[in-house]
Amino acid sequence: MKIEQKEIVKVALALIVGVAAVAACWQIGHGLQNFRRGENKIQVTGMAEKQITSDLIVWNITVSGKAFKKSDAYAEFDRSNRQVRKYLRDNNIPDSCIEANSVSIEKQTRSEYDPKAERYFDIDDGYAVTQYIIVTSHNLPVVEKAYQKISALYEHGVDFSSNDPLYYYTKLNDLKMELLHNAGIDAYKRAETIAEGCNASVGSLQSSSMGVFQIVGLNSSEDYSWGGTFNTSDKEKKASITIRATYSPR
């Protein structure tokens, strides 16, 4: 009985090896056939990078005023707004670089707990008046200097908040064209390296497509993203782009 089982195992192994051999022969034959038809491909990804310096700065400031009466709240806002505008002018930021949205007036409430009712109640807490001021300029050093010193206004009772500046590079179309050109050169060099290692040469381009365009902070640990990253927090940045290219070998 044991001998019969061994024979069955041997026959099964022989069948498996036979099927594998036939499949391997088919794959080799199919590969050779594709090679003769010129269906072999060299697929590469080219990349190009460039360090860039932002040429536009955007600085957001929120001016506020609070009081129990609406008129008093607006008066407080107006006083702070005048002080902020004066500060910007005194620091060489012209009105042409300043934009502001409409003034917002909102009624405020606060919650207080009533131990007898064992619940919280909303009670009136006056009014809040706010306006967002946006400074946009190509003169980065001037705006940066004003941003660094604006906290001095707190000593004069000015009610405002200041966000960190945002940095942009405005020549993106020219930058993309330059990087695409260089990435194409890099892709071709990679294809040449692959072809030379296989004792072949690079033939015609079959297809190409642009990959991901990224802008990250220079020397930062910022992660790359499949959808593209556009850094706005750093003045010095690094732009990169990839392209996928397919060539015919010869």
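This is a predicted model, so every value here is computed, not measured.
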Hey, does the side chain of [X] reach the backbone of [Y] with a donor-acceptor pair shorter than 3.5 angstrom?
X      : Y      : answer
Asp125 : Gln108 : no
Arg244 : Ser208 : no
Asp234 : Leu218 : no
Tyr154 : Phe160 : yes
Ser201 : Arg250 : yes
Gln131 : Ser102 : no
Asn91  : Tyr87  : yes
Tyr188 : Gly46  : no

Evaluate Tyr147 against Asp164 for side chain to side chain donor-acceptor pair (under 3.5 Å), listing each step before the verdict.
CA-CA 8 Å; Tyr147 160 74; Asp164 292 338; 2.5 Å; yes
Test log, rule side chain to side chain donor-acceptor pair (under 3.5 Å), inputs Gln214 and Ser240
CA-CA 5 Å; Gln214 311 260 11; Ser240 65; 6.0 Å; no
Kindly indicate whether the side chain of Lys41, heavy atoms from C-beta on, has any atom under 4.5 Å from the side chain of Gln206.
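Yes, close enough: below the 4.5 Å cut-off.
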Do Phe77 and Ile150 land in one hydrophobic cluster if side-chain heavy atoms of ILVMFWY residues count as linked below 4.5 Å?
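Result: yes, single cluster for both.
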So, are Arg79 and Glu76 salt-bridged, with charged N and O less than 4.0 Å apart?
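Glu76 and Arg79: salt-bridged.
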